[in-house]
Structure formats: structure tokens, C-alpha cells
Amino acid sequence: MKKVRFLVLGLLIVVLALSACTPQAAEEPVVEEPAVEEPVVEEPVVEEPEVEEVEEPVVEETEEEVVAEPPKIALVPAGRVGKEGYMFLAGQGYKMAAADFGFEERILESEVAEEWERNVRTAAQDGYEFIIGVGSTMADGIVNVSQEFPDAKFALVDANPGGDNVMGLIALEHEGSFLAGALAAMMTTETSLEGINEEKIIGFVGGMEVPSVVRWFSGFEQGAKYIDPDVEVKISYVGSFNDPAKSKELALAMFNEQGVDILMSVAGGPGDAGVFEAVEETGLYGIGADISWDDAVPGHVLTSVLKKTDVMIYETIASYIAGEFQPGEALFGVASGAMDLTDMSAMGDAIPQEVKDKIDEIKAMITSGEIVVERPQ
Amino acid sequence: MTEALSVKNITKAFPGVLANDNISLSVEKGTIRAIVGENGAGKTTLMNVIYGLYQPDSGQIFINGEEVTFSSPRDAIAQGIGMVHQHFKLVPSYTLAQNIALGVEPRKGIFIDEPALNKSVKAIADKYGFQINEREVTVDVSVGEQQRAEILKALYRGVEILVLDEPTAVLTDIETKELFVMLRNLVEQGITILFISHKLREVLEISDDISVMRAGKLVGTVKCEETDECQLAEMMVGRETIGGRMRETKQKGELIMEIEGLSVLDNRDLTAVKDASLNLYSGEIVGGAGVDGNGQEEFVEALLGLRPLTSGKIRIDGKEIQELSTREIREAGVAYIPSDRYRSGVAVEGTIWENMVPGEYYVKPYSNGLALAMPEIMMMSGTLIQKFNVATPGLDAKTGNLSGGNIQRVIAARELGLEKAKVVIASQPTRGIDIAGTEAIRQMLIDYANRGAAVFVISADLDEILSLSDRVVVFYEGNVLDAGYYDETIRQRISWLMTSGKDYCVD
Amino acid sequence: MIKNFFDKAKNSHTWKENLVNLTTQLLNYLIILIIALFIGAVVMFLSGKDPIAAYAALWQGAFGNGYRFADTLDRSVIMILAGIAGSIAFRTNITNLGLEGQLYIGAFAAAWAGFTFTNLPAIVHIPLCMIAGIIGGALWTLPVLYLKMRWKIPELVPTLMLNYIAIRLTDYLIAFPFRDPAAPMAGSPLIAASAKLPKLIKGSTINIGFIIAIVLIFVTYWFLFKTKIGYELRMVGLNQDFAAAAGLPVKRSIFLAMTLSGGVIGLGGALMIQGFFGRFLGGFSSGYGWDGFMIAIIAQNHPFAVFPTALFYGALANGALTMQSVTGVPQAVVAMVKGTLVLFVTVKVFVENIRKGLRKWAM
């Protein structure tokens with residue numbers, strides 16, 4: 001009866017399944033790309049990353065002659081590209097590279113953790129030769145898939161999972177925050193600015209005591225001490241990247257009770273929002289991280305340390321296409337332009353020109369290697 | 001005296017049953033008329049005809065001398081007739097006031113005017129002297145108060161004739177007393193009441209006139225003060241000797257099951273069975289007569305281990321079983337044919353074989369300890385199904401697709417077929433089954449007793465009891481009363497016990 | 001087993017009827033499926049996407065090549081286990097809304113056994129983790145059982161509430177006592193290599209978990225329909241009053257069905273950790289417990305029907321990823337198709353029951 005039919009049907013499917021599953025990596029991937037027009041990339045035109053200034057040489061010219069297949073490069077963000085923030089920048093860099101180097105875009109977005117590895121795998125199965133993951137949470141997935149597809153190349157933004165065919169794209173957050181620390185140390189004595197006190201105390205709010213946040217803090221402290229060894233740097237950890245109430249509370253405590261007048265926030269998106277609420281309430285000053293917070297409290301965010309994933313990805317793709325794939329860590333610091341401060345225009349002329357000049361000077365010294373910002377373990 | 005309601009020559013037939021056979025009666029305004037009779041005598045059918053729920057096959061209804069026809073209860077209410085059913089029709093989450101005025105609420109625009117509603121309900125309750133907290137939510141109030149709300153619901157719609165279907169069945173003694181006071185109040189204010197009951201004592205206490213029905217016919221109407229329980233009981237049960245006696249009285253064998261001082265609570269934690277004792281002997285059929293709801297169900301469930309005892313002992317072959325599980329009790333030799341075969345007799349969604357083996361599936365040869373031994377199960381089920389003449393397309397057929405009679409045969413085949421049981425407890429074994437099926441089931445029970453088992457048949461159908469029993473006990477308000485051995489006068493003794501709890505009548 | 005079955009079918013002259021029934025059933029399901037897909041298409045069309053391209057991508061993603069097919073089979077593993085877990089409970093007339101929570105606890109227990117023991121041979125370690133998962137899932141049903149048996153509290157709300165507790169509890173466990181500081185996200189340490197399930201095909205995620213799931217389908221069928229305990233569960237499920245009056249062990253059956261249901265979904269959690277994630281991740285399940293509940297409903301609690309249903313769910317899950325990345329149609333459309341499907345199937349069962357009721361009443 002019913003049961004038997006189901007049984008037979010079930011067996012049939014199993015048999016089919018197993019017979020269909022003989023490895024066939026050699027075969028051409030069957031998935032056709034939609035080919036026709038691209039899904040209109042008319043995202044709100046945010047600032048053009050200064051990628052353009054970066055080398056766009058060799059490849060451009062060769063592009064027309066090399067009628068050979070364009071490279072197959074896929075982007076796998078741990079989540080969605082969205083309309084702002086870190087993932088969005090990553091997507092921008094990738095799209096820019098696709099336009100410049102003439103390969104077809106394939107961005108595999110995900111909604112749940114399980115899909116991180118599945119998306120990397122799908123790209124590998126579909127014959128993508130270079131697969132770029134965004135977000136350290138994808139490390140497990142990159143490791144698993146890269147071992148099974150030794151011919152493909154992988155890169156991961158924000159972590160180095162290891163492997164012969166895997167690059168870890170590491171932003172040197174400490175170099176960027178060194179600049180911020182230097183700026184804060186100079187500004188904490190600038191009493192002409194409303195609210196700035198005499199004391200040389202600045203502060204830092206971190207989300208959790210994880211390696212990346214520790215790097216941010218370390219650079220911040222080194223930068224401040226570089227300007228003035230007497231500057232005291234206070235630090236608090238929220239214990240979460242997701243708790244605006246608590247990060248605001250900590251920020252208020254630092255502002256009101258510990259004499260802090262400039263506070264850098266690396267507390268995760270929602271956590272940062274809490275810190276900048278405290279900035280707004282007290283009328284004191286903050287410094288953002290990852291993306292620009294300059295317009296969050298106009299006139300009270302000195303600057304933001306930008307982590308330009310677009311630059312990282314664009315450059316990585318460029319060097320891959322140039323045949324310079326190197327497994328292992330690839331570091332992106334101030335020199336590469338991937339770590340930078342905003343132009344501080346949101347502060348008007350509240351920041352003296354000599355301070356800005358000093359920052360540019362430090363930048364140049366980091367680039368030239370005169371200043372070596374130490375990377376904490 | 002004016003006539004409030006009368007019916008002439010009402011006849012109403014259902015397939016296979018003549019529920020009302022040419023009934024005529026007339027009720028005076030401002031009186032309480034009791035309609036009494038055994039279960040199935042046609043009381044409720046008659047009331048449903050009067051209330052417009054059923055249309056009579058023939059006959060007329062007059063209200064205040066004018067002929068009326070009802071196509072629905074709505075018409076009946078419009079003509080001033082209201083009915084309170086045995087099962088209340090209240091919305092549990094509404095307040096009493098909202099229930100009482102349901103559908104005829106005072107309105108303000110499109111909204112219900114709650115204050116006016118509460119006020120109007122209060123006014124009606126005060127007018128008739130009803131104690132009620134109209135703002136309470138229905139689920140939170142007692143059964144008695146819910147019933148008052150049901151009555152008020154009818155009065156709120158301005159009815160002048162009120163039909164109450166077994167209103168005391170759900171009430172405690174105190175609530176019953178309160179109800180009677182209220183009914184008297186209503187009558188004094190000109191309301192006419194029709195009161196269905198089979199509790200003669202109550203009927204004699206509350207009514208002005210009493211009409212007695214039996215087997216769809218109106219036996220007669222008597223004035224309350226001119227009658228007594230004995231006369232009514234006789235009118236209800238009849239005096240004729242019964243045809244269809246299937247049993248030749250046998251000598252009882254040895255004692256098999258002893259029930260001693262059994263007390264059991266019902267689902268509402270009220271005493272359902274009080275200190276009941278009964279002995280069942282080999283080869284003897286004992287009939288358990290009585291009007292439904294006098295503790296039969298609880299008694300049987302207690303015997304089967306399905307309901308905890310508050311006190312008492314049950315022994316089979318001298319061994320106490322009251323602490324055992326249902327399975328152990330059954331293994332001790334008790335077969336059980338439950339009263340509601342759809343609720344607890346079979347799994348209607350299950351196949352025939354699944355319903356045949358719940359007593360055997362776990363022992364050899366039907367199981368090897370883990371798996372079911374399907375060939376043995378099929379063989380056994382198939383054999384018994386044939387032996388008990390169950391009409392089914394196959395053992396894999398869904399049990400619920402069989403007719404009621406065939407389902408009862410399945411149960412009988414299961415319980416009696418393997419002849420393991422020493423005691424058979426059969427509750428309402430033929431209720432709702434056609435004549436051929438009924439006879440077959442009764443014959444099975446007789447045969448089984450003849451093979452030496454003790455058989456206890458509980459039935460609200462007195463004819464069934466008289467057709468089968470060697471000895472009869474009567475359930476009356478939770479007591480198990482002995483009506484003695486079958487003889488010419490047993491019918492009378494049973495009827496007295498059933499209606500008054502006494503086996504004699506002093507005029 | 002099959003031969004026996006056919007013999008029986010031949011003996012009773014209902015088998016032709018049953019064939020007709022089965023065909024109409026399948027046809028009904030097909031119609032429902034088409035309607036659900038059509039509604040999905042309409043929504044896509046209205047939001048300016050090309051439904052045909054989307055469904056083509058869905059198909060490609062699910063079955064487009066050998067890898068995809070294998071991954072789809074792998075994704076159906078957890079659906080199969082969840083569907084079976086739901087079915088066992090439903091068969092005993094228990095509505096286990098707690099599958100999701102039991103999945104989390106089972107998965108965590110398996111992960112714990114995986115990273116705590118490091119010196120075991122795979123032949124010991126793999127089953128050890130699975131058993132931990134089973135026990136974890138089963139234990140998580142005990143509070144519900146206590147409330148149900150001791151206080152007669154229906155299982156619906158307690159099972160539901162325990163889901164949230166399970167998810168938060170495991171979040172806590174990996175945030176504090178068992179946190180792996182080296183983990184790139186909130187997660188437990190990696191399980192030992194000896195606890196990982198061997199893969200069946202390199203490049204795909206399919207692993208021996210799939211074989212376990214298939215075996216489990218047959219074992220569940222055998223258990224439910226061929227063993228005496230299965231008989232007890234089903235009879236209790238069909239009519240508890242009947243089972244009690246017949247002397248079947250009602251309480252034991254309820255206990256067993258609930259813990260088995262939890263154990264099976266707990267095993268599902270173990271398979272996910274051992275076969276895919278390699279560690280316990282906070283919030284790792286994308287609602288598989290709920291999927292299982294729905295799959296059981298669609299499959300009408302039959303293990304053999306669970307397989308195609310779970311496969312369908314696995315294909316949707318796998319295909320939706322490709323559909324989203326290729327055509328930009330969000331996965332939510334697939335959730336909608338699934339929802340429509342369940343809605344129609346429930347309505348269909350409901351309508352059939354009403355019709356049956358009417359027929360009986362008319363008789």
C-alpha cells in the first residue's frame with residue numbers, strides 16, 4: 001500500500017543520489033550565470049573609495065586582447081552586503097574590481113551561520129578559482145572547503161585561517177588607531193575647545209577583550225604615548241558588541257567620573273551607538289572606528305579610524321590577477337591606505353591645522369617605516 | 001384557569017424509532033408540569049418539538065389557544081417559549097450578563113452599551129428574585145449560577161413558557177433546593193414551566209401536574225397531590241410481562257469477584273459511588289439496572305483500575321486487585337465492554353487487527369519480546385472476526401468505517417473470543433445497535449456465562465436487563481441496591497428501586 | 001517485510017482502493033505544491049523579479065550537478081531526523097513544540113563529548129558523541145514530562161518555553177564555561193577529528209549522517225508499525241481512553257514517545273555538529289526543529305513520507321541559496337512557499353476530517 005510505494009520511491013531516490021554523486025570536479029560547472037544585465041548596481045553612491053588612485057595598470061590594457069576567459073572570482077560575505085558598513089565596503093571593493101578587471105560578479109550572501117561554509121563550498125563547486133570570504137567568523141568554513149578544493153585559492157578578510165591556498169587579509173587596526181591616539185593626545189590639551197579639560201586623560205571603550213579589539217587599543221595607547229608619555233589612557237570593556245545601554249553607561253562614567261574628555265569607541269555597531277549617545281549628552285568628544293561616525297554627533301566626533309575593506313579586497317584581487325597570490329597573512333596598514341582617518345571635515349576648523357599636519361607627518365613616518373607600531377599578541 | 005400551551009396528536013419518528021406517538025397534552029398557565037419517563041421514552045424529543053428544534057411529522061401546537069408552527073427555536077422564542085438544555089450553551093469567556101443578553105444586547109450606535117446591558121440584566125434578575133453576579137466571567141462561576149444565567153437568558157427574551165431539560169442532573173442537593181425556590185417564584189409571576197426529569201422525588205416536590213411517558217407514548221397525566229412514587233414508577237416502567245427473555249435462570253457457581261464497600265469520586269470530586277458491595281458468581285449473569293448517571297460508569301471504571309477508589313476492596317478468586325494496574329486486572333481475568341465504544345471501546349482510526357490485539361500483542365506467540373508476530377496476530381484476529389461474524393473488508397480496514405453493530409462485535413470478539421476472562425463487565429453492550437446485532441451480542445454474553453464466567457451487564461435499558469439477568473442490582477444515587485433474583489415481580493421491584501431507592505411501596 | 005506486506009494486501013481486497021487513495025493523495029499534494037509555487041511566483045513577479053529564472057536557479061542550486069545533489073541530500077539529513085522526531089510525538093498524540101530546544105541541547109551535548117574526549121578512536125568517539133546528543137535531547141523533554149504527568153499541564157507551552165531556555169543556555173555555555181578563545185565567533189572548541197563523521201564524497205558535505213538518517217527511517221517504520229512498543233505508542237496516540245481501558249501502558253508510552261522524539265532530534269543535532277559544523281555554534285540552527293514539525297505534518301507522520309518531504313525541504317534550502325545569489329530573489333520567498341504548503345496541507349487534512357465526520361454523521 002502507501003507504505004510500500006514510499007519505500008520504493010525512497011530507495012529509488014537514494015540509489016539515484018548515490019550514483020549521481022561520483023566526484024566530477026573535472027566537469028564543467030553546469031550552473032549558468034544569468035548572463036544578461038547585471039542586477040543594477042545603483043546602490044547609493046557613497047564616496048568613491050580612493051582605490052582609483054591605487055595602481056590600475058597592466059591589467060586594464062591587456063583586458064581586451066586577452067579574450068581568454070575572465071577569472072572566476074566570488075565574494076562570500078558572512079551575512080549580507082547591505083547598504084552601509086564593513087560588508088558594504090567589501091562589496092564595493094569587489095564590484096569595483098569586477099568592473100575594472102572584467103569578471104562577472106558573484107556575491108553569495110547568507111542569512112544563518114550554516115550558510116557561511118555552504119556558500120564558500122558552492123562557489124568552489126561551481127569552479128570559482130578565487131573565493132574571498134569576509135568576516136573572521138567564516139574561518140571554519142574556509143578551512144574546511146580549502147582543504148577539499150586544493151586547486152582553488154581562498155582569501156579571508158580579518159583572519160588567517162591557514163592553509164597552502166589560503167590568504168588571511170589582516171587589517172593593521174593598531175596602525176590606524178595609532179593615528180587616532182596621537183590626535184586624541186594632542187587634542188586633550190586643546191582647552192580652547194569647549195569641554196576639553198586640563199587633564200591629560202583620554203579613554204577607550206572596547207566591546208570584548210578579543211584579539212582585534214586589543215589591537216585597536218594597543219595602537220591607540222601607543223599613538224597617545226608617542227605624542228606625550230604623560231597622557232593617561234583609560235579603558236573599559238563592555239563584555240558584548242551588542243549592548244548600547246551598557247556601553248553608554250561606561251562612556252558616561254569615564255566622561256563624568258574619570259576626567260576623560262576624548263573617548264574612542266570600538267564596541268561593535270550597536271555598542272558604538274551607545275557611546276556616541278553619551279558623547280552627545282555630555283557635549284564631549286568621541287572617535288569612531290571601522291566606519292565613519294563623524295556625522296553621528298556633528299562637531300563632537302574628532303575623527304574615525306576607517307578600516308577600508310574595499311581597498312583590501314580590491315588590492316588582493318588585483319594582485320591575484322597579476323599572478324601574485326601568496327598564501328599566508330597579507331597585512332594592510334596605513335601604508336596601503338586600508339587604514340586611515342577621515343578628513344575631519346565634520347569638525348570644521350576646531351582641529352588646528354598644525355595638529356592635522358602632525359597627523360599627516362606621522363602617517364608618512366609609518367608608511368616609510370620610521371615609526372613601527374607594535375602589534376600585540 | 002387558562003391554557004398556556006397544548007399539543008395535539010404530535011407524532012415524530014426517527015429512522016427505526018417512533019419517538020413520539022400521537023401525543024396530546026395541555027398545560028395551564030402559571031403551573032409547573034413535570035414530564036417523566038425512562039431514558040428514551042421520548043421526553044426530550046417532545047420538548048424539542050415544542051421548542052422548534054424538530055418539526056413534528058404530524059400534529060399541532062397551540063399557544064394561548066392559537067395554533068403555531070415553528071421552523072426554528074427563534075420562532076419558538078418569538079412566541080414566548082424558551083428552553084434550558086441539560087448542557088449549557090454559554091460562552092465561557094463572556095460575563096454572565098453578556099451571555100444572558102447575547103444577540104439582543106442594548107446598543108449605542110454600533111457598539112454594545114455595556115452599562116445598559118448590565119443594568120437590564122440586573123433588573124430582570126431582581127424581578128424574578130435570582131441571585132446572580134452578572135459581571136462575573138462564566139467559567140469562574142458555579143454550575144448552579146450558570147444554570148440561573150441560562151434561565152435568565154430565556155427570561156431576558158421575554159418568554160412565558162420555560163422548558164427545563166433535566167435541570168437537576170448537574171446540581172448538588174443545595175443547588176437543587178435553591179433552583180426549586182426560584183422556579184416557584186417564576187410560577188407566581190405567571191411563567192409556565194415544563195420540567196423534564198426522571199427523579200420522582202423531585203418531581204413530586206416541585207410540580208403541579210405530572211405527565212408520564214413510556215416508549216414514545218403518553219401514559220397519562222396525574223395531579224401531583226393525587227399520586228405517589230409507586231404509581232408513577234409503575235406508569236413509567238409498565239406492568240406487562242416482558243417477551244424476549246433469552247435466559248434460563250441458572251444455578252450460580254462459585255464466587256469469582258467480590259466487591260466490598262467500594263467508594264468512588266466522579267470527575268468533579270463528588271461522591272459517585274457510596275460503599276457499594278457486589279458479588280459475582282461463576283455462571284451467573286447479574287444485571288445492573290438504573291437510570292444513567294447514578295454511578296454506573298464510575299463503578300465500572302473503578303473495577304477496571306481506571307479510576308481510583310476512595311475506599312473498598314475488590315477481589316478476584318480471593319486475591320485483592322484494587323491496587324493493580326488495568327493490565328494486571330485484565331490479566332487476572334476481567335473482560336470489559338465499555339459503554340461508549342467510540343470513546344474507549346476502539347481506536348476508530350486504527351485497523352481491525354490493531355483493535356483486536358491490545359490484550360495479547362505483548363505475549364507469546366503474538367510477540368517475540370520486541371517485534372509483533374504479524375502472522376500469528378493476523379491469524380488470531382481473522383479467526384475471531386469470522387467467528388463473531390464481523391462484516392469487514394479486511395483486517396487492514398479502518399475500524400471507524402464499520403457500523404456500530406460491527407464495531408461492537410469487534411469488541412466482543414476481542415474481549416470474549418479467546419475465552420480467557422473469568423469476569424465480563426459489559427456496560428450498555430447494545431446501546432445504539434440494530435435488533436439483529438443486539439440479539440447477537442446478548443447471545444454472546446449468555447453463551448459466555450454458560451461456559452462458567454461471571455457476567456455483569458450494566459444497562460439503562462430495562463428490557464435488556466430483564467432479558468439477560470439471573471439476578472439484578474440497581475444503581476440509585478451511587479448505591480448498588482439488590483433487586484434479587486429474576487421472577488415475575490422483578491420488574492416492579494426494579495422500577496421502585498430505580499426511581500425511589502426502595503424495593504417496596506407503601507401506599 | 002515487503003513480500004509479507006503484499007501478501008496481506010492481496011488477501012484483503014482493499015489494496016486496489018488503497019492504490020486509488022494513494023494516487024489521489026499524491027495528486028492532491030502535487031496540486032498543493034503547484035499552488036504554493038505559483039503563489040511564490042506571483043509574489044516574485046509583483047516585486048519585479050523573474051520567477052522562471054528564480055525557479056530555474058532554485059533547481060540548479062538543488063540538483064544542478066552531482067555536488068549539489070549530494071549537498072541537498074546532506075541538508076535533508078537534519079530535516080529527516082526532525083521530521084521523524086515530530087512524527088513519533090504526533091503518532092502518540094503529543095505536540096512536541098520543543099524540537100528546536102532539544103536540537104540545541106543535543107547538539108551541545110554531542111559537541112561537548114566531541115571536544116572533551118580527545119584520545120578516543122573514531123569507532124568509539126563517533127557513536128559516543130551521537131549517544132550524548134540523544135541523551136541531551138531526551139533529557140530536555142523531562143521537565144515537560146514532569147509537568148504533564150504530575151500536574152496534567154499540556155505539553156504545548158512548556159515545550160515552547162524550553163526552546164528559549166535551551167537557546168539562551170547554550171549561548172551562555174559557549175560564552176563562558178566552554179568558550180574557545182581561539183574561535184572566530186561565539187562557539188565551543190572544535191571537536192576532535194576522531195568525532196567527525198567521515199565524508200561520503202569529497203567536495204560535498206554529505207557524510208555518513210545521511211546513511212544514518214536513511215537507516216533511521218526504516219528503523220522508525222519498523223519500530224512504529226512492527227514492534228509492540230510502537231503499537232502501544234500508536235494506540236495511545238489514536239485513542240488514549242481506549243488504550244487505557246485496554247490496559248496499555250499509557251503513561252509509559254507518553255514518556256517514551258516524548259523522550260524518543262527528543263532523542264531523535266538530539267541525534268540530529270549531533271549529526272550537524274559532527275558532520276558539518278565541527279563545533280557548537282551559538283544559534284546554529286535555522287529553525288530545523290520547526291521544519292521538523294512542519295515536515296511531520298506534511299508527511300502525516302509516516303516515516304516513508306518524511307523522506308521525500310525532507311528531501312524537498314533540503315532542496316528548497318539548498319536551492320534558495322543559489323537562487324538568492326544568482327537572481328537576487330531573497331530566500332524569504334522560499335520560506336513563503338514552505339508556509340503556503342503547510343497551510344494547504346493542514347487545510348486539506350482538516351477538510352478531509354470534516355468530510356469524514358459529515359459522512360459518519362449522515363450514516
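Letters go in sequence order (proteins before strands), and every chain restarts at 1. The basis for the numbers below is simple: all heavy atoms, side chains too, and nothing from hydrogens, waters or symmetry mates.
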* Toward chain C, the part of A:Asp158 with a non-hydrogen atom under 4.5 Å ->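 It is neither, since no heavy atom gets under 4.5 Å.
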* Asked: With only heavy atoms counted, which part of A:Ile107 is less than 4.5 Å from chain C, the side chain, the backbone, both or neither?
  ->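 The backbone, not the side chain.
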So, do [X] and [Y] sit near enough that their side-chain heavy atoms are less than 4.5 Å apart?
X	Y	result
C:Phe277	A:Glu114	yes
C:Leu190	A:Asp140	yes
C:Arg68	A:Thr122	yes
C:Gln331	A:Glu109	no

Could you pull out every donor-acceptor pair under 3.5 Å between side chains of residues 303-314 of chain C and any protein atom, sequence neighbours left out?
residue, atom, partner, partner atom, Å
C:Thr309, OG1, C:Ala305, O, 2.6

* Measure from NZ or CZ of A:Arg121 to the centre of the six-membered ring of C:Tyr67, then state whether that distance is under 6.0 Å and the direction lies within 45° of the axis. =>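 Because its charged atom misses either the 6.0 Å distance or the 45° angle limit, A:Arg121 does not stack over C:Tyr67.
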* Part of C:Lys196 within contact of chain A (heavy atom distance under 4.5 Å) -> side chain
* Greater than 12 external heavy atoms within 6.0 Å of C:Trp290's CH2 ->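 Result for CH2/C:Trp290: enclosed.
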* Indicate yes or no for a side-chain donor-acceptor contact from A:Gln125 to the backbone of C:Gly203 under 3.5 Å, with no hydrogens or angles considered. =>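 Yes; at least one donor-acceptor contact below 3.5 Å.
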* **Atom of A:Ala113, atom of C:Leu281 and distance for their closest heavy-atom approach** =>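 Here A:Ala113 and C:Leu281 meet closest at CB-CD1, 3.9 Å.
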* **Shortest non-hydrogen contact between A:Val112 and C:Ser286, atoms and distance** =>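 Looking at all heavy atoms of both residues, the closest pair is CG1-CB, 3.6 Å.
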* Structure fact -> Taken to the nearest 0.5 Å, the spacing of A:Arg118 CZ from C:Asp71 CG works out to 5.5 Å
* To do: Quick one: which of C:Gly328, C:Gly282, C:Ser204 has the most heavy-atom pairs under 4.5 Å with chain A, could you say?
  => C:Ser204
